[in-house]
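Accompanying notes for the structure given below.
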2 protein chains.
Amino acid sequence: MPGNALERMREQLNAQDYKFTPQRSMVLQVLTEHPDEHLSADEIYARVKVKYPDIGMATIYRTLDLLTNLNIVNKVNFGDGKSRFEISQKERHQHHHLICLSCNEIIEVKDDLLIQLEKTITKEHDFEIIDHMVQFYGHCKKCSEKDNKTKNKPQ
Amino acid sequence: MPGNALERMREQLNAQDYKFTPQRSMVLQVLTEHPDEHLSADEIYARVKVKYPDIGMATIYRTLDLLTNLNIVNKVNFGDGKSRFEISQKERHQHHHLICLSCNEIIEVKDDLLIQLEKTITKEHDFEIIDHMVQFYGHCKKCSEKDNKTKNKPQ
DNA sequence: TTTCATGCAAAGGTTTTGCATACGC
DNA sequence: GCGTATGCAAAACCTTTGCATGAAA
């Protein structure tokens with residue numbers, strides 16, 4: 001359901017006296033078209049600019065901020081010095097990220113095993129969980145293999 | 001063992017032809033003295049400056065980078081625009097963070113429930129996990145109670 | 001028409017870099 | 001003494017903000 005998020009945004013904007021502008025629409029469109037990438041503000045800017053050359057960077061940031069507050073978009077951070085954005089978990093499955101420390105590849109894992117952990121935490125800490133971010137750091141298959149070769153037989 | 005990380009750093013530095021300088025020593029010392037806070041570069045700078053007034057910000061960053069690469073220190077990010085640093089998980093228990101979306105309080109949870117999830121991921125994705133970062137976003141007890149009284153007001 | 005949104009440029013904040021000097025080994 | 005580390009200042013980034021203009025409702 002591609003138009004879903006767009007329609008949802010229009011309703012939420014109207015309900016709170018915000019305006020539904022072409023710029024806001026296009027930012028969301030870019031995000032829905034790339035559900036499995038983790039675009040930075042800069043990358044979103046470049047993609048929107050193709051169809052709407054007059055857009056400014058400030059609008060990108062203000063829109064991403066708005067969409068994040070509306071819980072339509074998630075802001076994530078992989079420690080590379082910039083924020084990245086993706087359609088909210090609620091629009092998709094829960095997922096975690098595997099980040100390879102050798103090649104920096106980001107692998108997505110769809111999984112709901114965290115639900116049990118969330119229940120425990122909610123109970124023990126009186127903490128109402130709305131969202132989570134889970135990242136595993138390590139070595140992906142390719143890099144592990146490469147590493148083993150380099151270790152056993154030096155080039 | 002408080003001197004543990006310091007000794008480990010000295011050895012690792014020597015082994016790789018890096019030098020053991022007072023600046024590096026003091027940065028690590030500050031981090032071991034505050035194991036449960038999540039200090040930013042700026043905060044570490046201020047604390048080191050008390051005992052070593054001539055230190056420069058660049059040295060702080062270069063040292064934190066080095067310690068992170070040596071896996072002595074962990075770089076974490078709570079989305080507040082700056083990186084934060086803490087003694088590596090290996091020196092302590094595994095822990096997760098609960099981040100309150102209302103008051104921004106960061107609560108630590110020590111827990112090893114993630115081990116099962118890690119095993120599953122390792123098996124299914126051939127991904128060798130070295131470390132993880134887990135953050136739960138939601139509302140803490142205090143804010144949940146406050147919210148119920150003040151409903152209908154976003155932000 | 002009223003109010004909010006936009007684009008631009010400038011400012012703010014964090015982190016990195018170049019370079020001459022100082023220091024650990 | 002050699003090669004790295006440091007401090008300083010400037011630069012490089014990413015992100016936010018002020019303000020006049022423009023557009024949605």
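Scope of the values below: all heavy atoms of this structure, side chains included, with no hydrogens, waters or symmetry mates. The chains referred to below are lettered A, B, ... by the order of the sequence lines, with proteins before strands, and numbering in each begins at 1.
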Rounded to whole Å, how long is the line connecting atom [atom1] of [X] with atom [atom2] of [N]?
| X | N | atom1 | atom2 | result |
| --- | --- | --- | --- | --- |
| B:I60 | D:dG7 | CD1 | C1' | 12 Å |
| A:D80 | C:dT16 | CG | C1' | 15 Å |
| A:M57 | D:dT17 | CE | C1' | 15 Å |
| A:L66 | D:dT15 | CG | C1' | 16 Å |
| A:D42 | D:dT16 | CG | P | 14 Å |
| B:I44 | C:dT14 | CD1 | C1' | 14 Å |
| B:Y45 | C:dT16 | OH | C1' | 16 Å |
| B:D65 | C:dT16 | CG | P | 6 Å |

Legend entry - N-O pairing of B:R47 and B:E37 below 4.0 Å: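 The answer is yes: the pair qualifies as a salt bridge.
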Inset, instruction - Please determine if B:R8 and B:E11 form a salt bridge, counting it only when a charged side-chain N lies under 4.0 Å from a carboxylate O. - result: no
Inset, instruction - Could you tell me whether the side chain of B:E43 and the main chain of B:S40 form a donor-acceptor pair under 3.5 Å? - result: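 Side chain of B:E43 to backbone of B:S40, a donor-acceptor pair under 3.5 Å: yes, one is there.
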Legend entry - Sugar-phosphate only, base, or nothing, as touched by B:S83 at under 4.0 Å among non-hydrogen atoms: sugar-phosphate
Inset, instruction - With heavy atoms under 4.0 Å as the rule, sort A:D54 into base, sugar-phosphate or nothing. - result: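 Sugar-phosphate contact only.
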[X] side-chain proximity, nearest of [options]:
| X | options | answer |
| --- | --- | --- |
| A:Y61 | C:dC19, D:dC14, D:dC19 | D:dC14 |
| B:R62 | C:dG18, D:dT17, D:dT15 | C:dG18 |
| B:A41 | C:dT15, D:dA9, C:dG7 | C:dT15 |

Legend entry - Interface residues of residues 9-27 of chain B with DNA chain D (non-hydrogen, below 4.0 angstrom): B:Y18, B:K19, B:T21, B:Q23, B:R24
Inset, instruction - Answer yes if the ring centres of A:H38 and A:F85 are under 6.0 angstrom apart, and no otherwise. - result: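 No: the rings miss the under 6.0 Å criterion.
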